[in-house]
Amino acid sequence: MEVKTSLLDNMIGVSDMVLLEPLTEDSFLENLRKRFDHNEIYTYIGSVVISMNPYRSLPIYTPDKVEEYRNRNFYELSPHIYALADEAYRSLRDQDKDQCILITGESGAGKTEASKLVMSYVAAVCGKGQEVNKVKEQLLQSNPVLEAFGNAKTVRNDNSSRFGKYMDIEFDFKGDPLGGVISNYLLEKSRVVKQPRGERNFHIFYQLLSGASDDTLKKLKLDRDFSKFNYLSLDSAAVNGLDDAANFRTVRNAMQIVGFMEDEVQSVLELVAAVLKLGNIEFKPESRCNGNDESRIKDKNDLKEMCELLGIEQSVLERAFSYRTVEAKLEKVSTTLNVAQAYYARDALAKNLYSRLFSWLVTRINESIKAQTKSRHKVMGVLDIYGFEIFEDNSFEQFIINYCNEKLQQIFIELTLREEQEEYVREGIEWTNIEYFNNAIICDLIENNQNGILAMLDEECLRPGTVTDETFLDKLNTICAKHQHFESRLSKNSKFLTDHSLPHSCFRIQHYAGKVLYQVEGFVDKNNDLLYRDLSQAMYKATHSLIKQLFPEGNPAKVNLKRPPTAGFQFRASVGTLMKNLKTKNPNYIRCIKPNEKKASHIFTESLVRHQVRYLGLMENVRVRRAGYAFRQLYEPCLERYKMLCKRTWPHWKGPAREGVEVLMGDLQIPTEEYSYGRSKIFIRNPRTLFSLEERRRECLQDLATLIQKIYRGWKCRRQFLLMKKSQIVVAAWYRRFAQQKKYKKIKSATTVVQSYTRGWQARKLLRELKYQKRCEEAATTISAYWHGTQARRELRQLKEEARNKHAVSVIWAGWQGAKVRREYRKFFRANAGKKIYDFTIQRIMQKYFLSLKSNMPSMSPVDNKWPNRPYLFLDGVHKELRRIFHHWRCKKYRNQFTEERKTVYEEKLEASEIFKDKKALYPSSVNQPFKGDYLEISKNPKYQKLSSAMDEKVLLADVVNKINRANGKGTARIFLLTKKSVVLADQKTGQVKTSVPLPDLDSVSVSTQSDGFFALKLKEGSASAIKGDFLLSSEHLIEIITKLHRTGAMAADREQLNIDISDEFLVQFKQDKVCVKFIQGVSKNGNNASCKRKNNRLLEVLVPSSA
Ligand SMILES: Nc1ncnc2c1ncn2[C@@H]1O[C@H](COP(=O)(O)OP(=O)(O)O)[C@@H](O)[C@H]1O
Ligand SMILES: [Mg+2]
């Protein structure tokens, strides 16, 4: 719940002067002092904020404070400038009312600070975003720039604004800032050339000299030493708490943020430097022959440097300081200037230069911060104008400043009273008029068009003839003599003739804020604000762009013979515009009060404050405010605040707030003349009534607090108790559950045990029964089996007995029948009939046998092994014999089919089989190969024609063989020919016979047991062929060659057969030596063919690849 606070809470003194009781000046001051002593620097008079300058920083401007005051009602919290800023901002944003914040008070009262606080508050609470933040930043950063150029240390204030400033901040419909416009009023330019004692020139001069880098100073031709410049007062060059160097950096930074270009900043600094240089130009008198004094520049160095800075021809400026040209109706008159005039001209130039620079700065800043959109803006104006000033010597500036304050007071009176009146009308309350001092009469004295002081000053200035300050005073003395607020020794008003506090050269005005004595000296000059045309023209000739811009009237093409408007006239006009502007806005007042003259914290100088309270008309303000009713409040917050004072409204009032308040007031028995009901507010006439209400409320609050405490305590205890009760139930429940669970588990396990025993017992009983039953059944089965067996056997016996009996009967019967038949027919049978029957039977059986054999004959294939089964045992021999005969017959039949040639082939194959079967591994592969004999077709092939003709016998076999060379085991191809008589080896290519061995000379042939094709032809020892030695050959058709050799050899030689020696190691006779040929299994280099290799003289090794 939000805690509603009020400014009435924890009040120190009264936070709203309207509630002060009794209302006297003393009590007013006492209240201010009390609050000031407690650091409460803000106090309200209704909606006006009085601000006392604390002269030290208080922790009341933190972001937390901003949050605290944000969106709160004005009277909700203790008085603060933020409350006013918030009220103004919200009224602007939500009710679309343009606002102005009017900050008044004398110099050093805190106006500028207040304006900055308002701006920073508004910046903190209004919208956010990149663009908005930039605008805010630029608006805020315009302050340091303007303060550097427009503020100075005065005796009253170390940072006194020497110009009036009015800033319009523009917002869009959402309340986001869009930009702003700054107006400046009358810079106190006389300060540039002369400062009163204890005061300084404008800050920027000191800042530049302390803060700029050596480099920059060199460029500007400046020295860091203040004492080198005539325009800088020395007695207070350094000010406590002011760090000029740091401030210079701040200003440069601010200029950058606001949007000044680097070259613009440079130009500005050059102008500042030029002003300083200008001050150093000094003149000396020089007598002329015509008796006139003429001025000469003492030391031209400064002039030279200044001209260099501004790009002005030195001679031009020099001349401008020496002559004055007056143009009148196409006539030009030049007069020389004396020293005093030259100094006047110099200072006039410096002042103009500086004030125009300042105006240019404002224009330039405005250019940067002006709103970018053209949509309708809401405006909040903040006016921080110089305060009312009373110095020892008051001149034209003070007169102008005080006039401005006079106008502000006027507007304050007008608007406050009007506002008050309007509120009563709005709320339907009767209004009784209140007397107050209206300063309109003073304003009239100054600004009246016919006989106002300013009008007369202008008249004097424009008048031909000699015009001096004295003639002006004379004029005043005659015209204003009767005015109540004008006082002068020489006026016709005899009252002041003897007033010695009033010197002759002065006049005095009774301002609303007190009497001010003005020195009339300088009024005319300052109002004229004359800058000799020669100087402005010299400035216009400068090449420095900014300078040229600042002196447009120096343009010779635009010579204007009309006088420029006077300073007074200009000021009056701008004040008039300002007032008009302010009147269109909703005003919010901050009235600043200075507590002491020492700029010290904690000091409250009563007389000083009293004076300010008086001239600010604060008492009147309070009185006006209280004339009708001292206090007013909307019905809702009022009911909310006091509803506890009445039973009917406490704690809640259901109806409309106004009725609630009526009931409340009735119940509290407050006299009806003490209050009035407005449309939306209740108005309380007397502060006492409000305080009695507050008092009652406080008491009631205590009771309520006790009640709340009581109820709260009760509630807390009850809650504690209920919580404990609840916990106890939970704990108990859990415990019970646990106990029950435990008990249940115990019973459950016991039950299981009992159950298992019972079940076991039952099961065993059942088993026993079942077993008994089974035994019974088995016994019964056995018994019945035995019984059935017995029964069956008995039956079988009976059946067998019966069968035997029947058989016996039938045998006996047959025997008897046979005997009977035989006995009957014996006489008919011959003695050999039996034999005949027997023969017939045998014959029939044989017949049947042969017929069945005939139909079941096997095939004619000699290899068919099938033969029908033997039908009778006694035919066993016959059956076998028949089979043998049939086979022989079948073979004969088969053989008979063969031709002679095929027979030979088969005979050869047969012979090969006899020789090699199971002896040589090569044999099985040869079985399928037909023995072709003449592989070379020797008789047909023309290639072998010669060879064929050399043969006298028929060639039985012709093939190419390899003759193995004993020297290296390599083979040479030879044609191998076999005839009936001899073996011939011939050259393969030529067909020439190499060797011919007659068959009878062959002794034996040796081959290996393996799958190779090597064979050795061994010759008979002693034969004619043996001289050449044995042959070791190899052939693909080994089996065929050997078989044919074997057959032919046997046929040719009349001897036994040729010996065939099958062994893996045999000797071969080569010419003289015997060489052993050895066959071993292994990997041959010829792949699948065997290869021969000579191992040594006595060993040839043949590698035979394993047949696997
Ligand atoms: N609210 C404040 N808190 C702390 N110091 C303040 C406050 N208002 C003013 N001052 C001090 O008083 C000095 C003068 O205030 P300033 O606003 O310049 O006066 P004015 O503009 O009325 O002449 C400031 O420099 C500052 O030191
Ligand atoms: Mg100021």
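Order of appearance sets the numbers: ligands from 1, and atoms from 1 within every ligand. Just so it is clear, the structure is predicted and the values come from calculations on it, not from any experiment.
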Heavy-atom nearest neighbour in the protein, as seen from [atom], with distance rounded to 0.1 Å:
atom: atom 10 (N) of ligand 1; result: Asn53 OD1, 3.0 Å
atom: atom 27 (O) of ligand 1; result: Tyr55 CD2, 4.7 Å
atom: atom 16 (P) of ligand 1; result: Asn157 ND2, 3.4 Å

[X] to ligand 1, any heavy atom closer than 4.0 Å:
X: Glu106; value: yes
X: Ala109; value: yes
X: Gly108; value: yes
X: Tyr386; value: no
X: Asn159; value: yes

Would a line drawn from the ring center of Tyr354 to the ring center of Phe202 be shorter than 6.0 Å?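 They qualify: ring centres under 6.0 Å apart.
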At a threshold of 2.8 Å, where the distance has to be below it, does the Mg ion (ligand 2) have an N, O or S atom of Ser161 nearby?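 So Ser161 does bind the Mg ion (ligand 2) by this criterion.
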Whether Thr112 has an N, O or S atom under 2.8 Å from the Mg ion (ligand 2):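 So Thr112 does bind the Mg ion (ligand 2) by this criterion.
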Between [X] and [Y], which heavy-atom pair has the shortest distance, and what is it?
X: Val275; Y: Val192; value: CG1-CG1, 3.7 Å
X: Glu25; Y: Met619; value: N-CE, 3.5 Å
X: Ser161; Y: Asn151; value: CA-OD1, 3.3 Å

Atom indices of ligand 1 within 4.0 angstrom of Tyr61 heavy atoms, with elements: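 In order of numbering, the contacting atoms are 1 (N).
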Within-cut-off N or O pair, [X] and ligand 1, under 3.5 Å:
X: Asp384; result: no
X: Gly110; result: yes
X: Pro54; result: no
X: Tyr42; result: no

Side chains of Ile369 and Asn366, heavy atoms from C-beta outward: is any pair under 4.5 Å?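 Of all side-chain heavy-atom pairs linking Asn366 with Ile369, at least one is under 4.5 Å.
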Looking at side-chain heavy atoms only, is the closest gap between Tyr206 and Asn247 below 4.5 Å?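 Tyr206 does not reach Asn247 side chain to side chain.
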Is Glu397 salt-bridged to Arg191, going by a charged N under 4.0 Å from an acidic O?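 Between Arg191 and Glu397 there is no salt bridge, as every charged N stays at least 4.0 Å from the carboxylate O atoms.
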Does this structure show an ion pair linking Arg70 with Glu67, if we count only N-O contacts that are shorter than 4.0 Å?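 Looking at Arg70 and Glu67, the cut-off is met.
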Member of Lys194, Gln195, Arg162 meeting the side-chain contact (heavy atoms from CB on, under 4.5 Å) criterion with Asn201: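 For Asn201, the side-chain contact (heavy atoms from CB on, under 4.5 Å) test succeeds with only one of Lys194, Gln195, Arg162, which is Gln195.
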What part of Lys599 sits under 4.0 Å from ligand 1 if we count only heavy atoms: the side chain, the backbone, both or neither?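 No part of Lys599 is near ligand 1 at this cut-off.
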For the residue pair Phe571 and Tyr386, categorise the inter-ring angle as parallel (less than 30°), tilted (30 to 60°) or perpendicular (more than 60°).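 It falls in the tilted class, 30° to 60°.
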